[in-house]
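Read the structure below first, then the notes.
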Amino acid sequence: MEINKKELAEKVKAEFMHAWNGYKKYAFGHDELRPLSKTHYDWYDDSLCITPIDAFDTMVLMGLTKDKNEAKQLIFEELSFDKNIYVSVFEITIRILGGLISAYLLDGNKKFLKLSEDIANRLLPAFNSKTGMPFRFVNFKTGAVRGKINNPAEIGTLLVEFGSLSKLTGNPVYYDRAKKALVELYNRRSKIGLVGTTINIETGKWINKESSIGNKIDSYYEYLLKSYLLFKDMDCKKMWETSIKSVNKYLADSKNNGYWYRQVDMDTGKKISTKFEALAAVFPSIFALSGDLTRAKKLQDSCFKMWTTFDIEPEQIDYKTMKIKLAIYRLRPENIESAYYLYHYTKDEKYLKMGKIYLESIIKYCKTEEGYAELKSVITKEKRDRMSSFFLAETLKYLYLLFAPKNTLNFDKIIFNTEAHPIQKNICK
Ligand code: DMJ
């Protein structure tokens, strides 16, 4: 397979413009494009401009100056958080707070920082629980909260954004609240060092004790490592090292067909199932970032197999039988993200080839007249009328960076939040 990096980078950029133009034409000012019905979709009663905020730094990195300026104007003119809506603390933090902070760092306009502070202040009441772990939802206007049954990913994926805001504003409250949540969660790990899937944040009691590296847990581990690397926070280093040791001891599963991670009971380590999820494909990138390239490479080979066995990646498979458990493809980035990290660390052309295959299948099966659509099924390839903002924030950004010239972004000087928003390490001097 021939790899022409320059051509591939231009191709990704053109596909980004295809998706962005669809958004501009049919959904401008709204949260997302509906790519089949050519209308818009808002997460709540009113728009929070999720796609333009999530996509902003991708446009900066791709050098799309005109479009990034249009997005900026829209954000400054239209965006207001003074709305009587209950929002997801996790989703809004990683997409909007993370997007605004990275926009501020790349663009320099202080309005981005003001908006970041405004939104973070409105999210803060979520941490007013008996344990300090956040409720899942908070009302932007009233500060009222909902959702005391939360999960490790939504509790533990806040510190990169809140901590960065503290560094940029000099106000420690954001760092302190998000870190306390992380520590409280970690302190409730089982005797063998694992966390479960859901927990009551008022009582601190686990509700579902299934442990995995997938849905509802994945980015908790990611942020233990990234918070250590970004803030040089030695508590996070210790929490990361202890946790990942248990994960590798009890969840890792070497089979004839590859290296995988299973589901186990958090107290006993007893196997529950052999499911592997598209979300778990972020782990090769996490292992690579932590310095464990051996594990990263082995797991990425399995993730690649998961993609290529079905021509495009299903949401869940049973790796023992290699049968699909959940057939949707949500335009997710994780498999691509890991190929990008591995290429960065190894310079092995194999990861460029992976990226090319990922790109080609997304174009083949998900492209619509005016955007990109999720798949209801990777078997029938029937499309679904959604184009999540992370397709522009992450999937196309990681594909672009994989092929783009080296000076596009200095990888060693940044940490990506879980939504692919780069945060410069030097804010933590
Ligand atoms: C994104 O919002 C983030 O990457 C999150 O950590 C997981 N889900 C999506 C992408 O799949």
Side-chain angles (χ1 to χ4, degrees), residues 19 31-32 41 43 48 50-58 87-102 134 136 150-162 178 182 185 195 197 212-227 230 261 276-287 289 303 306-307 312-317 326 328-341 358 362 366 372-375 378 384 386-399 401 414-423:
D31 284 337
E32 287 176 9
Y41 170 68
W43 285 27
L48 293 172
I50 294 176
T51 291
I53 297 172
D54 231 4
F56 183 84
D57 55 17
T58 308
V87 301
S88 157
V89 175
F90 163 74
E91 294 289 357
I92 294 305
T93 298
I94 65 169
R95 298 187 201 220
I96 301 193
L97 181 57
L100 288 171
I101 291 174
S102 126
R136 286 190 71 211
N150 209 339
N151 57 71
E154 297 191 35
I155 295 165
T157 314
L158 307 168
L159 183 53
V160 166
E161 297 80 3
F162 277 78
L182 194 59
L185 176 64
V195 294
T197 308
S212 77
I213 58 164
N215 191 19
K216 295 193 165 69
I217 301 183
D218 49 356
S219 47
Y220 159 58
Y221 294 120
E222 178 183 348
Y223 270 29
L224 289 176
L225 175 67
K226 288 185 173 177
S227 300
L230 179 58
Y261 280 75
F276 196 83
E277 294 173 290
L279 286 167
V282 73
F283 269 74
S285 80
I286 301 175
F287 287 131
L289 186 65
C303 295
M306 172 166 173
W307 188 297
I312 192 160
E313 185 186 49
E315 184 75 359
Q316 293 176 7
I317 58 165
L326 189 56
I328 52 174
Y329 173 58
R330 290 203 51 207
L331 296 170
R332 287 200 192 280
E334 289 77 7
N335 214 318
I336 296 162
E337 178 176 356
S338 287
Y340 164 61
Y341 274 67
Y358 296 154
I362 292 174
C366 304
Y372 272 84
E374 299 180 3
L375 298 181
V378 299
R384 177 172 182 249
R386 285 287 302 269
M387 182 178 83
S388 172
S389 65
F390 58 65
F391 181 61
L392 299 173
E394 297 195 71
T395 311
L396 292 175
K397 183 188 284 141
Y398 286 127
L399 275 170
L401 290 174
I414 58 101
I415 288 291
F416 288 104
N417 89 333
T418 194
E419 189 79 4
H421 297 305
I423 313 283

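Indexing begins at 1, ligand by ligand and atom by atom, following the structure's order. Both backbone and side-chain heavy atoms feed into the values below; hydrogens, waters and symmetry mates do not. Bear in mind that the values here come from a model prediction, so they are computed numbers and not experimental data.
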Next item on the list: Could you please spell out the steps behind the side-chain hydrogen bond (donor to acceptor under 3.5 Å, both in side chains) verdict for Arg95 and Ser388?
Entry: CA-CA 11 Å; Arg95 298 187 201 220; Ser388 172; 3.2 Å; yes
Note to self: With a 4.0 Å heavy-atom cut-off, what residues sit around ligand 1?
What the structure shows: Ile94, Arg95, Leu279, Arg332, Pro333, Glu334, Phe390, Glu394, Thr418, Glu419
Note to self: Assess the residue pair Asn335 and Glu313 against the criterion (side-chain hydrogen bond (donor to acceptor under 3.5 Å, both in side chains)); give the C-alpha distance rounded to whole Å, side-chain angles, the decisive distance to 0.1 Å, and a yes or no.
What the structure shows: CA-CA 9 Å; Asn335 214 318; Glu313 185 186 49; 3.0 Å; yes
Note to self: Can a donor-acceptor pair be found, under 3.5 Å and without considering hydrogens, that links the side chain of Ser389 to the backbone of Thr51?
What the structure shows: no
Margin query: Given 3.5 Å as the limit, does a donor-acceptor pair link the side chain of Tyr223 with the main chain of Thr418, or not?
Written below: yes
Next item on the list: May I ask you to say whether Glu315 pairs ionically with Arg330, meaning some side-chain N is under 4.0 Å from a carboxylate O?
Entry: no
Check: Are the side chain of Glu161 and the backbone of Leu97 linked by a donor-acceptor contact shorter than 3.5 Å?
Finding: no
